[in-house]
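Remarks on the structure that follows.
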Amino acid sequence: MAKRVRLTRAFFDRSVHVVAPELIGATLLVDGVGGTIVEVEAYDHEDPAAHGFNGQTPRNASMFGPPGHAYVYRSYGIHWCLNFVCEGEGIANAVLIRALEPTAGIPLMQKRRKMQDVRLLCAGPGRLCEALGVTRAHDGLLLDVPPFRLLARPAAAPLAVGPRIGITKAMDKPWRYGLAGSRFLSKPFK
DNA sequence: ATGAAGATGAAT
DNA sequence: TTCATCTTCATC
């Protein structure tokens, strides 16, 4: 297998609308555990649905920081969700990582998730974080140094595009991207 | 100090 | 469709 290009902080210093689709097919590993990204959503600073839209707070601070860092937040009091911060220091732009196809460290993921079905291990932002062991401790960390490891997609992937999940229709945009036909998505694209 | 809502997931 | 679970932030 050809050695794949590591994604550095420079990769993320671009519009979320460019970065998000390019992340489909890329590899995400946390302490060596992870797989191929198959679903993401883009949130830009002009987006009323984005956490940063109403200004900076302690929770979303890392979203306003420089690109190439992680933004991890607590969802519904229960789950962690992982984002990659993109261009515009002082402006909140990020890509939510929603699902991946497990390829590395599957036994550990199964243990963390307390279930065996590989298809459901990382099919959703909360599930993905539980499987990879991502918590608030990862908030604000750089993405191009351990424990993170990101590898560029080997080639452009066939994209599915659709409305984002959990966003009220009035605020929504077609900024959810997926690997067309993947069975590891949190939900199918229509 | 208090309360409402939330970029979800699992069970019913 | 319901509910678990709890932090965050706006408001009082």
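Excluded from the calculations below are hydrogen atoms, water molecules and symmetry mates; all remaining heavy atoms, backbone and side chain alike, are included. All values derive from a computational prediction rather than experimental measurement. Below, read A as the first sequence line, B as the second, and so on, with proteins coming before strands; counting in each chain starts at 1.
Rounded to whole Å, the distance from NZ on K187(A) to P on dT8(B) is 8 Å. Taking atom CH2 on W80(A) and atom C1' on dT8(C), their separation rounds to 12 Å, with Å as the unit. Here dA7(B) presents its P atom at 10 Å from CE of M63(A), a figure rounded to the nearest Å. The interatomic distance linking Y177(A) (OH) with dA7(B) (C1') rounds to 16 Å, in whole Å. Across the protein-nucleic acid pair, N54(A) atom CG and dA7(B) atom C1' stand 14 Å apart, rounded to whole Å. Rounded to whole Å, the distance from NE2 on H51(A) to C1' on dT7(C) is 12 Å. Rounded to a whole Å, the CZ atom of F53(A) is 15 Å from the C1' atom of dA7(B).
Ring pair Y73(A)/H51(A): centre-to-centre distance below 6.0 Å. Here the two rings, on F84(A) and H69(A), have centers that are 6.0 Å apart or farther.
Listed by first then second residue, pairs satisfying salt bridge (Lys or Arg N to Asp or Glu O under 4.0 Å) with a partner in residues 151-163 of chain A number zero, not counting sequence neighbours. Residues in residues 153-190 of chain A take part in these ring-ring contact (aromatic ring centres under 6.0 Å, His included) pairs, two or more places apart or across chains: H17(A)-W175(A).
Distance from the side chain of R74(A) is smallest for dT7(C) among the nucleotides dT8(B), dA7(B), dT7(C). Closest to the side chain of R136(A), out of dA7(B), dT8(B), dT8(C), is dT8(C).
Counting all heavy atoms, side chain and backbone alike, V19(A) lies closest to V95(A) at CG1-CG2, 4.4 Å.
Within a 6.0 Å sphere centred on CZ of R136(A), heavy atoms belonging to other residues, nucleotides or ligands number more than 12.
Between Y43(A) and dA7(B), a base-stacking contact is recorded: ring centres under 5.5 Å apart, planes less than 30° from parallel.
Using a 4.0 Å heavy-atom criterion, one finds that N83(A) contacts the bases of the nucleic acid, with or without backbone contacts as well. Residue contacts for M171(A): at a heavy-atom cut-off of 4.0 Å it reaches no nucleic acid atom on any strand shown. Among the heavy atoms of the strands lying under 4.0 Å from R59(A) are primed sugar atoms or P, OP1, OP2 only; no base atom is included.
Paired runs in DNA chain B that reach 3 or more consecutive Watson-Crick or G-U pairs, where each pair keeps both distances under 3.5 Å, cover B:1-6 with C:6-11, B:8-11 with C:1-4.
For T103(A), the side chain to side chain contact (heavy atoms under 4.5 Å, CB included) partners are T36(A), not counting sequence neighbours. Residues satisfying the salt bridge (Lys or Arg N to Asp or Glu O under 4.0 Å) test with D144(A), not counting sequence neighbours, are R9(A).
The base of dA5(B) is not paired with the side chain of Y76(A) by any donor and acceptor separated by under 3.5 Å.
Looking only at atom types and distance, the side chain of E39(A) has a donor-acceptor partner in the side chain of S186(A) under 3.5 Å away.
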Which atom pairs link the protein and nucleotides 9-12 of chain B when you take only N or O atoms and keep those under 3.5 Å?
from    : atom 1 : to      : atom 2 : distance (Å)
dG9(B)  : OP1    : P125(A) : N      : 3.2
dG9(B)  : OP1    : G126(A) : N      : 2.8
dG9(B)  : OP1    : R127(A) : N      : 3.1
dG9(B)  : O4'    : H79(A)  : NE2    : 3.1
dA10(B) : OP1    : R113(A) : NH1    : 3.1
dA10(B) : OP1    : R113(A) : NH2    : 3.3
dA10(B) : OP2    : R127(A) : NE     : 2.7
dA10(B) : OP2    : R127(A) : NH2    : 2.5

